[in-house]
Every structure is written in structure tokens, then in C-alpha cells.
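So that the names make sense, note that chain A is the first sequence line, chain B the second, and so on, each numbered from 1.
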Amino acid sequence: MSAIRVRFAPSPTGYLHVGGARTALFNWLLARKTGGTFILRIEDTDVERSTQESVDAILQGMEWLGLDWDEGPFFQSSNFPLYKQYVQQLLDDGKAYRCYCTVEELDAKREQAMKEGRKPKYDGTCRDRDTAPVDRPFVVRFRAPHEGATSFDDQIKGVISFPNEELDDLIIQRSDGTPTYNFCVVIDDAIMKITTVIRGDDHVNNTPRQVQLYEALGFPVPQFAHVPMILGSDKARLSKRHGATSVIAYRDMGFLPEALTNYLVRLGWSHGDDEIFSREEMVAKFDIANVGRSASVFSPDKLLWLNAHYIKTGDPQRLAELLTPFLKERGVDPAAGGPALASAITTLQERARTMIEMADAALFYYIAPVTYDEAGMAKFGQEHLLAVYSAVITKLATSTAATAAEYDLLFKEICTEQSWKMPQVGQPVRIALSGSTQAPGIGEIIATLGREETLQRMEDARRFVAGRS
RNA sequence: GUCCCCUUCGUCUAGCCCGGUCAGGACACCGCCCUUUCACGGCGGCGACACCGGUUCAAAUCCGGUAGGGGACGCCA
């Protein structure tokens with residue numbers, strides 16, 4: 001184990017979204033690459049908004065993506081006594097003070113400052129008060145320095161410096177006695193000995209305050225790496241308006257976890273011209289130094305392409321397991337009869353971009369067609385169709401062919417014998433067997449369906465065509 | 001408003017640190033080929049250094065400014 005310790009610290013106020021997932025992935029990657037430790041911490045200091053459902057959803061998302069953690073999950077809510085202790089320490093040292101200003105007063109001041117074009121920061125009313133009113137609720141504020149500047153060397157963005165006069169005395173403890181986020185992160189990261197804080201760059205502005213807190217508390221300041229935002233197609237912050245943002249929603253839409261992680265890792269990070277990364281390659285090649293500084297737009301198209309790639313190259317047996325729930329949703333239980341699912345999948349891997357597409361395309365293997373593509377049929381005369389079906393049935397019944405290639409050969413023979421062109425035979429048969437004009441190769445279908453079922457479907461189709469004069 | 005950050009094809013990006021490439025790759029799109037439908041695949045095309053100055057023989061690359069975009073400014077995280 002190296003000394004590297006990183007953490008992913010989501011707040012349980014919703015599901016795991018793709019932005020959070022990417023942050024988690026980068027943290028995980030750094031830990032795995034360096035042999036360090038990846039910690040999962042739930043930031044639930046906002047008791048009002050935190051829910052158990054969200055916690056479950058986040059864990060589920062992490063597990064689906066294969067982002068396993070070494071320590072945790074820890075909950076900030078179980079650390080409240082610890083935070084109180086540090087608040088007291090700051091109070092004792094004179095580095096924090098009680099503030100009796102009310103929310104209403106603060107709001108009014110903020111509004112006023114905004115109107116006058118000033119920075120809406122706390123005016124310091126209670127910073128130097130010597131008399132403490134009794135029996136009045138108070139918050140605890142950090143006594144921030146007014147002079148100088150606070151800076152840190154971000155691993156992604158470089159040196160970032162803030163004039164201290166821009167920073168006000170932030171609240172570290174609410175009037176109900178609970179600690180606030182900016183205080184808790186510092187304590188937790190320090191206690192957990194986090195060496196590198198990788199998080200979204202919407203936290204850049206919080207960082208100088210946190211650095212001041214580390215220093216006031218006498219803790220070493222960790223390294224920071226602020227990852228740029230993920231935007232929607234209109235360059236606005238990614239939200240539900242742009243489509244799904246939940247990791248689990250992508251699973252339900254038929255995406256493979258390796259496709260999502262591959263997509264996410266390339267969003268903001270690159271390794272030369274490489275696009276496809278196995279889990280191992282990602283771990284080996286990941287480097288924070290190669291994370292870009294600018295925000296990036298989420299592209300469903302590229303995700304789809306990657307998903308298609310992983311479906312194409314995936315193990316049919318594993319895909320079968322992943323596909324089964326989608327088939328069951330469609331009323332098919334592949335274990336209850338019909339072709340072996342893995343065999344069916346082999347014929348569909350190049351034709352499906354998602355598990356949903358694959359499930360839809362696989363349906364005909366388990367449910368014989370009840371209707372036939374009319375437009376497709378209409379291209380051929382009734383006489384021709386009957387001739388084709390009869391020829392195929394006869395040929396098939398006496399053949400010993402068993403593989404897709406052998407069946408394909410059979411059709412070539414039929415074409416030669418009857419002086420038909422391949423499309424004149426292939427299309428009618430495809431419709432007979434699948435009901436549709438868009439399906440795998442004839443040989444593949446027959447090999448998957450089996451001779452018996454194929455003959456059955458051919459007879460059905462012949463009867464159907466014969467019956468409509 | 002103030003502060004912080006960002007800016008290469010429509011999108012993700014390589015190149016930038018250590019100036020000299022026809023500014024490369026991928027997705028999408030278009031065309032051609034393959035073909036038993038649909039796909040897969042192969043080949044080709046379209047397409048970018050935000051802008052203005054400066055330094056230099058030479059700038060996507062170094063410096064300054066402008067514009068645009070994003071973020072933060074909470075008793076949210």
C-alpha cells in the first residue's frame with residue numbers, strides 16, 4: 001500500500017449521477033494505480049435532505065460500476081461529537097467566535113450589499129463584540145484572516161490564489177449545534193489522512209477557506225485536484241433536462257458498466273489517441289496530470305458507440321445473464337425453452353447497441369412470428385413465395401446441415417437449382433422465420449432456431465401465404 | 001456586482017510545459033465498397049487553434065489585453 005489515500009464523498013440527497021460517478025472513478029483509479037486506499041464517505045451533515053434511499057442508490061451505483069472501496073462507508077452524522085470538539089478547540093483558541101446575527105439580518109445585509117455592488121460577505125458584526133447576549137441562539141464562525149492571500153497548487157488547474165479580503169467568516173456550526181459542510185470535510189479529510197482530494201471544480205471556491213481551516217487546526221493540507229464539470233448538449237450544467245443522469249438509469253437502458261466507465265474516463269482525461277480502455281488499462285494509464293482543465297459535454301452518441309463495442313466483443317455467456325432481465329420484462333423466460341440464449345446472442349452482438357435493442361431483436365427466437373412484415377412480403381408474388389417456402393422445406397427436410405455456414409450453403413444450392421437470386425430467397429425466408437426484414441443471417445437464424453422449429457415456422461408461413469388469395 | 005476558473009473540428013480530445021507537424025485520432029454526419037435484409041467491417045470526405053496585439057526568421061504553442069462561457073458568493077453539499 002502506498003501512502004496515497006483518496007475518498008469519494010457524495011451527499012445522500014439523490015442517486016449517483018454521472019458527474020459523481022466520474023469523480024468516484026478518478027479517485028478509484030488513482031488509488032488502484034498507486035496501490036493506495038479508496039475511501040467512501042457519505043456527507044450527510046444536512047440531516048433534513050439526506051435519505052437512506054439515496055445512500056442505497058449511491059452504493060448500488062458504485063457496485064454496478066465496479067468501484068469498490070477499501071474503507072467505509074463512513075457517515076459524517078456519526079462524527080458529530082468529534083466536530084463539536086474541534087469547534088470548541090477553535091473557540092478556545094480564539095480562532096472562532098459566536099455570532100448572534102439572525103438569518104433575517106444576514107439576508108437583509110446580503111441583499112443590501114448586492115444592491116450596492118459590494119461583495120455579499122459577512123460584515124463581521126459579532127467578530128469583535130465583547131458582550132455575549134444570554135439566551136439567544138448563535139452560530140459559530142471561523143475568524144478568517146483579512147490580510148494577505150490564500151493559495152494552493154491544484155494538480156489539475158495549477159496555482160490558484162484568493163485574496164483573503166474576498167473570504168468572509170464562514171459558519172462552522174449552525175444554531176442547532178450541527179456542524180456545516182466546509183468544516184466537516186476538513187476534519188474528516190484530516191482524520192482519515194486523505195492525501196489527495198479529487199472532487200468537482202464547483203468546490204474550487206471552498207478550497208481557500210478549507211485551507212485556512214486546516215492551518216488553524218494544525219492539520220497538514222492535502223493535495224487538491226479539481227475535476228471540471230460535465231455539461232449537457234447546450235453547455236449548461238448537466239441535468240435531467242439533458243436526459244438520464246443517474247448511473248442506474250443507464251443500466252436500465254441497457255448499458256454495460258464497462259462502457260459507462262470507459263466513456264466517463266475519457267471525459268476530461270486522455271491517453272494519447274486511445275479510446276478503448278479495459279479496466280486494467282485504465283488503471284495502468286490513468287494520471288491526474290492528463291486530466292484537462294475545461295468542462296466537457298456529455299455525448300450520448302459516443303457512449304452508445306462504446307456500448308456497442310463492448311456488446312460486440314463481450315462474452316455471450318455473460319451477456320446472457322445481463323440480458324435475461326430485459327427479456328423477462330418482455331414476457332420471455334429464455335430458460336423455459338427455445339434456443340440457448342448465448343447462441344442467440346452470438347447472432348445479435350453486431351446488431352445491438354444496447355441490451356434493450358438486443359432484447360427486442362432476440363424476441364423472435366422465443367416467440368414465433370404471429371404477423372409478417374407486410375411491405376417486405378409485398379415485394380414478392382404469392383406464387384413465388386409459395387415456391388420458395390416449398391423448396392426450402394423440401395431441401396431442409398432432407399439435409400444434414402447443422403451449422404450456419406452449412407445452412408447458407410444449402411440456400412446457395414437452392415438458388416442455383418431454381419435460378420433464383422439470393423435476395424429472392426433470403427428475404428422471404430427471413431420474414432417467415434423472424435416476421436421481420438431486419439434480422440441476422442438466414443444461416444445463423446436456422447442454426448440457432450434448430451431444424452424442427454425452422455420447419456414449423458416455414459410451414460406456418462406457407463399456410464399464411466396460401467390462405468390469403 | 002465581486003472573486004475564481006475555462007476557451008483546438010458539431011462533440012470528446014492529441015499537440016502546448018521544451019515555438020518550426022499538410023494541426024493528429026475518435027464519435028456524429030456524408031459518400032463509396034463489402035453484402036442475403038439489418039447491422040458489422042473497410043476506404044474516403046466534411047470539419048477547429050475565440051478575438052486583437054506583442055515577442056520571434058517562425059506562434060495553437062511564449063507574453064499582454066478583449067470577448068464569450070462556466071463556477072462560487074447559504075445556518076446546501
- Interatomic distance at C1', B/rA26 relative to B/rC63, whole Å: 34 Å
- Rounded to whole angstrom, note down the C1' distance from B/rG54 over to B/rU11. 34 Å
- Message: Parallel, tilted or perpendicular, judged at 30° and 60°: which one describes the rings of A/Trp420 and A/His384?
- Response: perpendicular
- Item | Rounded distance (Å) that lies between atom P of B/rC40 and atom CZ of A/Arg353 | 8 Å
- Closest to the side chain of A/Val204, out of B/rA28, B/rC4, B/rC38, is B/rC4
- Message: Distance check needed: B/rU11 P versus A/Leu264 CG, whole Å only.
- Response: 19 Å
- note: A/Asp301, atom CG; B/rC9, atom P; distance rounded to Å ~ 18 Å
- Any strand: nucleotide that pairs with B/rC16 via Watson-Crick or wobble, under 3.5 Å: none
- Quote, to the nearest angstrom, the C1' distance that separates B/rC22 from B/rC29. 23 Å
- Tell which nucleotide pairs with B/rC51, taking only Watson-Crick or G-U wobble pairs whose two distances are both under 3.5 angstrom. B/rG65
- Does OP1 or OP2 of B/rA72 have a side-chain N or O of A/Arg237 closer than 4.0 Å? yes
- Syn or anti: how is B/rC40 classified when any glycosidic angle within 90° of 0 counts as syn? syn
- Query: Among B/rC5, B/rA77, B/rC75, which is the nearest nucleotide to the side chain of A/Ile160?
  - Reply: B/rC5
- Tell me which nucleotide among B/rU11, B/rG25, B/rC76 gets nearest to the side chain of A/Arg174. B/rC76
- Query: Taking the side chain of A/Gln438 as heavy atoms from C-beta outward, which of B/rA14, B/rU37, B/rG24 is closest to it?
  - Reply: B/rU37
- Query: Do A/Arg98's NZ or CZ and the ring of A/Phe138 fall within the cation-pi criteria of under 6.0 Å and 45°?
  - Reply: yes
- Ignoring hydrogens and angles, are the base of B/rC75 and the side chain of A/Ser175 linked by a donor-acceptor pair under 3.5 Å? yes
- With C1' as the reference atom in both, quote the distance from B/rA48 to B/rA60 in angstrom, rounded to an integer. 10 Å
- Item | Whole angstrom value for the distance that separates C1' of B/rC75 from CG of A/Asp107 | 10 Å
- Task: Choose from B/rC4, B/rU7, B/rU13 the nucleotide whose nearest atom is closest to any side-chain atom of A/Pro163.
- Result: B/rC4
- Message: So A/Arg49, base contact, sugar-phosphate only, or nothing? Heavy-atom distance under 4.0 Å.
- Response: base
- Query: Is a donor-acceptor pair below 3.5 Å formed from side chain A/Asn205 to base B/rG71, judging by atom type as modelled?
  - Reply: yes
- Do the side chain of A/Asp274 and the base of B/rA26 come within less than 3.5 angstrom through a donor-acceptor pair of N or O atoms? no
- What distance, rounded to whole Å, do you find between the two P atoms, one in B/rG71 and one in B/rC33? 48 Å
- Closest nucleotide of RNA chain B for A/Ser161 versus for A/Tyr122: which of these residues is on the 5' side? A/Ser161
- Task: If B/rC73 has a Watson-Crick or G-U wobble mate with both distances under 3.5 Å, name it; if not, just say none.
- Result: B/rG1
- Message: Can you tell me if A/Arg353 has over 12 outside heavy atoms packed within less than 6.0 Å of its CZ?
- Response: no
- Does A/Thr45 place a side-chain N or O at less than 4.0 Å from the phosphate oxygens OP1/OP2 of B/rA77? yes
- Value in whole Å for how far the C1' atom of B/rG74 lies from NZ of A/Lys121: 16 Å
- Quick one: is B/rU11 close enough that its OP1 or OP2 comes under 4.0 Å of any side-chain N or O from A/Lys235? yes
- Under 3.5 Å, is there a donor-acceptor pair linking the side chains of A/Asp234 and A/His242? yes
- Note on the structure: B/rC34 -> Watson-Crick or G-U wobble partner, both distances under 3.5 Å, gives none
- Message: Looking at B/rU7, I'd like to know if its phosphate oxygens (OP1 or OP2) sit under 4.0 Å from a side-chain N or O belonging to A/Arg293.
- Response: yes
- Short side-chain N/O contact to B/rC38 OP1/OP2 from A/Ser436, under 4.0 Å: no
- Message: By nearest atom, which of the nucleotides B/rG24, B/rA72, B/rA26 is closest to the A/Asp202 side chain?
- Response: B/rA72
- Message: Using the ring centroid of each side chain, check whether A/Tyr181 and A/His203 are separated by less than 6.0 Å.
- Response: yes
- Query: Passes ring pair (Phe, Tyr, Trp, His ring centres under 6.0 Å), A/Phe8 versus A/Phe26? Steps please.
  - Reply: CA-CA 9 Å; A/Phe8 175 53; A/Phe26 283 6; over 10 Å; no
- Looking at every strand, decide which applies to A/Val139 at a 4.0 Å heavy-atom threshold: base, sugar-phosphate, or nothing. base
- Message: Between A/Arg266 (side chain only) and A/Asn262 (backbone N and O only), is there a donor and an acceptor less than 3.5 Å apart?
- Response: no
- Query: A/Arg141 side chain to A/Asp169 main-chain N or O, any donor-acceptor pair under 3.5 Å?
  - Reply: yes
- Expressed in whole Å, how much space separates the C1' atoms belonging to B/rC46 and B/rU7? 23 Å
- Message: Rounded to whole Å, how long is the line connecting atom CE of A/Met229 with atom P of B/rC6?
- Response: 14 Å
- Message: What contact category does A/Pro228 fall into here, base, sugar-phosphate, or nothing, at under 4.0 angstrom with non-hydrogen atoms?
- Response: nothing
- Query: What is the base-pairing partner of B/rC9, counting Watson-Crick and G-U wobble geometry with both distances under 3.5 Å?
  - Reply: none
- Task: Between B/rG47 and B/rC17, how far apart are the C1' atoms? Round to whole Å, please.
- Result: 28 Å
- Item | Along RNA chain B (nearest heavy atom to each residue), the more 5'-positioned of A/Arg430 and A/Pro137 | A/Arg430
- Item | Verify stack between A/His203 ring and B/rA77 base, 5.5 Å, 30 degrees | yes
- Message: Nearest whole Å is fine: how far is B/rC38 P from A/Glu444 CD?
- Response: 15 Å
- Item | Pair assignment for B/rU21, Watson-Crick or G-U wobble, requiring both distances under 3.5 Å | none
- Task: Kindly point out which of B/rC73, B/rG41, B/rA26 is positioned nearest to the side chain of A/Lys312?
- Result: B/rG41
- Message: Between the side chains of A/Lys121 and A/Glu165, is the shortest nitrogen-to-carboxylate-oxygen separation below 4.0 Å, so that they form an ion pair?
- Response: no
- Item | Atom C1', compared across B/rG31 and B/rG70: separation rounded to whole Å | 38 Å
- Would you mind telling me which of B/rC75, B/rU7, B/rC40 lies closest to the side-chain atoms of A/Glu350? B/rC40
- Note on the structure: Whole-Å distance, A/Arg351 CZ to B/rC38 P, equals 11 Å
